[in-house]
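In what follows, a single structure is set out as structure tokens and then discussed.
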Amino acid sequence: MVTAVERTLIIVKPDGVQRGLISEILSRFERRGFKIAGMKMIHLNRTLAETHYAVHRGKFFYEELVDYITTSPVVVAVLEGPNAIDVVRAMLGKTRPNEAAPGTIRGDFALEGLRNLMHASDSPETSSSEITLYFKEHELFTYEREIDRWVLA
Ligand code: CMP
């Protein structure tokens, strides 16, 4: 079956970096079959964090969210694969770690509140705008992998 190949933006948040979980988290996506189209470590400044979370401006958790995402470097990556947006979100688990099912990243490694380890785009529109926010065109790669014929049907 041929399914639409999508790209989605993920962020390993400050708690993931500080807890030494970068490789654990990224390896899950690689093992699932996703291709990494781009990846880098950055330290979000306030302006970038406020742009990223503009949709949440005014909500009760907004200030804390912006403070938290700017406390430490993060890893941003673009993952590519069939239905990437929904599949990656499912791998993260529910936003609130206490509700996330075992087997998901949050359900296996996170417990509470804003310490939910990851961000991932939630729609084709947000993935497109978030990828543009973090990556220039020359930082994203289109390449073939030998394994793709065993991953993609
Ligand atoms: P993230 O995927 O980074 O996108 C927005 C973030 O806001 C989300 O993860 C949570 O960390 C946070 N968030 C969303 N909804 C709530 C909520 N109801 N209470 C607290 N934090 C929230």
Side-chain angles (χ1 to χ4, degrees), residues 1-17 21-62 65-66 68-70 73-97 99-101 103-110 113-145 147-153:
M1 199 173 88
V2 179
T3 325
V5 171
E6 294 175 335
R7 283 181 169 184
T8 189
L9 181 105
I10 62 162
I11 304 177
V12 181
K13 292 182 177 180
D15 47 341
V17 173
L21 291 172
I22 298 170
S23 57
E24 166 68 43
I25 288 170
L26 293 176
S27 74
R28 289 189 171 214
F29 297 114
E30 279 199 296
R31 282 183 283 155
R32 185 82 188 252
F34 287 111
K35 188 187 287 184
I36 297 174
M39 182 164 66
K40 59 188 171 184
M41 178 174 269
I42 58 170
H43 197 141
L44 272 71
N45 60 29
R46 224 176 156 79
T47 307
L48 184 53
E50 286 177 351
T51 305
H52 177 97
Y53 283 130
V55 67
H56 295 297
R57 189 185 291 271
K59 294 184 183 165
F60 70 93
F61 56 85
Y62 174 77
L65 185 60
V66 170
Y68 153 63
I69 201 79
T70 55
V74 299
V75 172
V76 287
V78 174
L79 302 180
E80 183 180 296
N83 297 313
I85 297 165
D86 286 347
V87 175
V88 166
R89 294 271 301 180
M91 290 174 72
L92 264 53
K94 291 210 173 149
T95 302
R96 295 190 188 92
E99 295 173 355
T104 64
I105 292 168
R106 290 167 177 154
D108 287 350
F109 300 111
L114 292 178
R115 304 285 182 263
N116 65 358
L117 291 171
M118 297 281 306
H119 168 80
S121 309
D122 63 4
S123 71
E125 294 71 33
T126 51
S127 87
S128 167
S129 61
E130 289 176 358
I131 289 170
T132 308
L133 186 61
Y134 292 99
F135 288 89
K136 299 196 175 9
E137 217 165 293
H138 72 269
E139 294 175 314
L140 295 172
F141 299 87
T142 300
Y143 57 98
E144 299 298 320
R145 297 183 308 182
I147 64 157
D148 282 338
R149 67 193 177 104
W150 301 109
V151 174
L152 307 172

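For the numbers below, each heavy atom of this structure counts, side chains included, while hydrogens, waters and symmetry mates do not. Treat the numbers as computed from the prediction; the structure is a model and nothing was measured.
Contact check for L9 versus L133: no side-chain heavy atoms found under the 4.5 Å cut-off. Residues I11 and Y134 meet the side-chain proximity criterion, which asks for heavy atoms closer than 4.5 Å. Side-chain contact between K35 and F141: absent, with no pair of heavy atoms (C-beta onward) separated by less than 4.5 Å. Side-chain contact between R106 and T95 is present, with heavy atoms from C-beta onward closer than 4.5 Å. Looking at heavy atoms from C-beta onward, R28 lies in side-chain contact with D108 at the 4.5 angstrom threshold.
Atom OH of Y62 and atom CZ of R57 lie 3.5 Å apart (nearest 0.5 Å). For the atom pair CG of L117 and CG of D15, the computed distance is 4.5 Å after rounding to the nearest 0.5 Å. Atom CD1 of residue I131 and atom CD of residue E137 lie 11.5 Å apart, to the nearest 0.5 angstrom. Interatomic distance, I10 CD1 to M91 CE, rounded to the nearest 0.5 Å: 9.0 Å. Considering CG of L65 and OH of Y53, their distance stands at 4.5 Å, rounded to 0.5 Å. To the nearest 0.5 Å, the span separating OG1 on T104 from CG on L92 amounts to 8.0 Å.
Side chain of N116 to backbone of R96: no donor-acceptor contact under 3.5 angstrom is found. Under the 3.5 Å distance criterion, the side-chain polar atoms of T132 are matched with a main-chain donor or acceptor of S128. A donor-acceptor pair is defined here as one N or O able to donate and one able to accept, closer than 3.5 Å; such a pair exists between the side chain of R89 and the backbone of A120.
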- Task: Might you work through the side chain to side chain contact (heavy atoms under 4.5 Å, CB included) test for I69 and H119, ending with a clear yes or no?
- Result: CA-CA 10 Å; I69 201 79; H119 168 80; over 6 Å; no
- Please report the C-alpha distance between I22 and M41 in whole Å, then the side-chain angles of each, then the deciding distance to 0.1 Å, and finally whether the side chain to side chain contact (heavy atoms under 4.5 Å, CB included) criterion is met. CA-CA 10 Å; I22 298 170; M41 178 174 269; 4.0 Å; yes
- Task: Evaluate the side chain to side chain contact (heavy atoms under 4.5 Å, CB included) criterion for residues L21 and I105: first the C-alpha distance (whole Å), next the side-chain angles of each, then the deciding distance (0.1 Å), finally the verdict.
- Result: CA-CA 10 Å; L21 291 172; I105 292 168; over 6 Å; no
- Can you check side chain to side chain contact (heavy atoms under 4.5 Å, CB included) on F29 and I36, steps first, answer last? CA-CA 9 Å; F29 297 114; I36 297 174; over 6 Å; no
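Around atom NZ of K59, more than 12 heavy atoms belonging to other residues, nucleotides or ligands sit under 6.0 Å away. The number of heavy-atom neighbours closer than 6.0 Å to CD of E99, taken from other residues, nucleotides and ligands shown, is above 12.
Here the closest heavy-atom approach between residue G113 and residue P97 is recorded as O-CD, 3.3 Å.
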Solution key, residues 74-87 side-chain donor-acceptor pairs under 3.5 Å, sequence neighbours excluded:
unit_1: E80; atom_1: OE1; unit_2: R7; atom_2: NE; d: 2.7
unit_1: E80; atom_1: OE1; unit_2: R7; atom_2: NH2; d: 3.0

